[in-house]
Number of protein chains: 2
Amino acid sequence: MKNIPEKSKYHHGDLRTTLLTVAGEMLKEGGIEELSLRKLAARVGVSRTAPYHHFKDKNALLCGIAESGFRQLHQMNKRSFNAEGPSTKEKFSSFIHEYVNFAKANPDLYELMFGRTIWKQENSTSELRDAAYPCFQYQVAMTREWQQLKLLNHSGEESALRASQVLWGTVHGIAKLLIDGIYTDVAHVEEICDYAVDMFLVH
Amino acid sequence: MKNIPEKSKYHHGDLRTTLLTVAGEMLKEGGIEELSLRKLAARVGVSRTAPYHHFKDKNALLCGIAESGFRQLHQMNKRSFNAEGPSTKEKFSSFIHEYVNFAKANPDLYELMFGRTIWKQENSTSELRDAAYPCFQYQVAMTREWQQLKLLNHSGEESALRASQVLWGTVHGIAKLLIDGIYTDVAHVEEICDYAVDMFLVH
DNA sequence: GACTAAATATGACGGTGTCAAGATTGATTA
DNA sequence: TAATCAATCTTGACACCGTCATATTTAGTC
C-alpha cells in the first residue's frame, strides 16, 4: 500500500522531474515545436499553469532539459577519454565519432542544447551554465593533452583553447549539418568523421 | 508624377519584394522571434492576411529571405576565390575568415539560412534549394582545387566532397558557436579563424 | 486543531498563424 | 466603351500559445 499514484491527487508529488522527463519524451517524439507547456501539462495530467510553480518560464524548463543533455555529453567524453584500452589516436577518433553520433541520436535535444533559444541574451539559467561550462572546459583539457602529445597538425604557437574551439567547431558544425540534412547524408557520418580525424592528425 | 506611393492604394503594387525587404530589416533588428507575419503586415501597412497572396506560408516567406542570403554568400565566395592578387593559401584563409565574418555580421540571417526551421522535413522551398545547392557545390569545387594544389593536410585517399564537408562543418560550427555566444567570444574571431587555417594547412 | 506556505486550478489577456468569405481593383475581352 | 474576371486586399473567426492574477486545495508545522 505504498505506491498508489493512481487516484487523482491534488498534489502530484514529484511534478518537477515528471515534467522534465515527459518534456524530454515529447522533444524526442515531435521536436521542439511540438513541445508546448499546455500539451505537456495535459499529458502529465495537470493544469496548464501548474508547471509555473516549478519553472519560472518555458525557457527555464528548456534549460532544465538541456542541462541533463550536457551532463550526458560530459560523462560520455569522460568515459571515452579515460578508457584503458585504446591509444590516444584512437581516443581522439572516438571523441569525434561519439560526439557527432550523440547529436545524431538525439537531434532535438542537441538542437536545444546549442540553439539560440536557450543561450541568447541572458536566457540561460545559472544551473544550465553550471552544467555546460565544465563540459566545455573538459574539451579544452582533452585538446591540451592531444596537443602535448604532438597529435594535432599545427605550426606556430599552440593554444589549447583555440585548438579546442576549432575542433569543437568542426564536430558541432558536422553535427548540425547532419541534423538539418544540409548537403550531408546521415548514411555517411562515419566516413565524414574519419575524414575529419585524418585532416586534423599530423602526418 | 511617377513615384507617388503616398496615397493609400488598395493594390500595393510590389508587395512581395516589399515584404521580403522589410522582413529582412525586422530580422536584423529583433531576431527571428520578433518577426511575426502580423507585425510585418502592420509595418508594411497592409492587412494581416495580405502576405498570403504572395507567400503560401510564413515558412515560404522565411525561405525567401534565406534565398537571398545564399545568393549573397555564393557571390562572396566567388569574388574571393576568383580574386587576382592573393595566393592560393591567402585565398583559403580568406574563405575561412569571410565565411565566419558573414555569419557574424548577419547572425539572424545566418541562423535562418542554416536553421532547422527552414530545412527540416520538406519545409524548404524549391526556390530555396535552387539558390542553396549551387552555393554548396561551389564550396566543393573550391576545396577540390585546394586539394589538388596539395594545400590541405591529409593522408590517404582524397575526396573533395568529404573534405568540403569537414571544412564547411568547421566554419559553420565556429560561426554558430560565435553567434550563440557559447564559449567563444566575438572579439577573438580572427584569432580562431587563423588557428583553424593553420590546423588545416599542410606543414 | 489552527495556521501557514506550497501546490494546484480557473479565468482572462494579448499574441500568434491561417482559413473562409467578402470587397476592391486593374487588366482583358467582347 | 462596357462587361467580365482574376488578382489582390480586407474583415471575421478559430485554435493555438505563454503567462498573469486570483481562488482553491492540500501538506506540514507549531
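Below, chains carry the letters A, B, ... as their sequence lines are ordered, and counting in each starts from 1. All values derive from a computational prediction rather than experimental measurement.
- Remark: P of D/dC16 and CD of A/Glu33 are 16 Å apart, rounded to the nearest angstrom.
- As rounded to whole Å, 12 Å separates atom P of C/dA7 from atom CG of A/Leu19.
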Inset, instruction - Would you give a per-nucleotide map of nucleotides 11-19 of chain C, 5' to 3', where B means the base has a protein non-hydrogen atom under 4.0 Å away, S means only the sugar-phosphate does, and - means neither? - result: BB---BBBB
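- If you measure from atom NE2 of B/His53 to atom P of C/dG26, you get 16 Å, rounded to the nearest angstrom.
- Rounded to whole Å, atom P of D/dC16 lies 17 Å from atom CG of A/Leu40.
- Partners of A/His154 by side-chain hydrogen bond (donor to acceptor under 3.5 Å, both in side chains), not counting sequence neighbours, listed by chain and number: B/Asp198.
- Residues from residues 108-119 of chain A placing a heavy atom under 4.0 Å of any atom in DNA chain C do not occur.
- Residues passing the salt bridge (charged side-chain N to carboxylate O under 4.0 Å, His left out) test with A/Asp194, sequence neighbours excluded: none.
- In this model, the phosphate group of D/dC9 is approached by a side-chain N or O of B/His54 to a distance below 4.0 Å at OP1 or OP2.
- In this view, A/Arg16 satisfies the side-chain hydrogen bond (donor to acceptor under 3.5 Å, both in side chains) rule with no residue, not counting sequence neighbours.
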Donor-acceptor contacts, no H, no angles, side chain residues 133-141 of chain A, under 3.5 Å, sequence neighbours left out:
none

For residues 61-75 of chain A, please give each side-chain donor-acceptor pair under 3.5 Å, one per line with the distance, not counting sequence neighbours.
| from | atom 1 | to | atom 2 | distance (Å) |
| --- | --- | --- | --- | --- |
| A/Glu67 | OE2 | A/Arg71 | NH2 | 3.2 |
| A/Ser68 | OG | A/Ile65 | O | 2.9 |

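- Residues that satisfy the salt bridge (charged side-chain N to carboxylate O under 4.0 Å, His left out) test with B/Glu157, not counting sequence neighbours, are absent from this structure.
- Outside the 6.0 Å centre-distance limit, the rings of A/His97 and A/Phe102 are not counted as a close aromatic pair.
- When rounded to the nearest whole Å, the span between CG of B/Asp14 and C1' of D/dT8 equals 13 Å.
- For A/Arg48, there are no salt bridge (charged side-chain N to carboxylate O under 4.0 Å, His left out) partners, not counting sequence neighbours.
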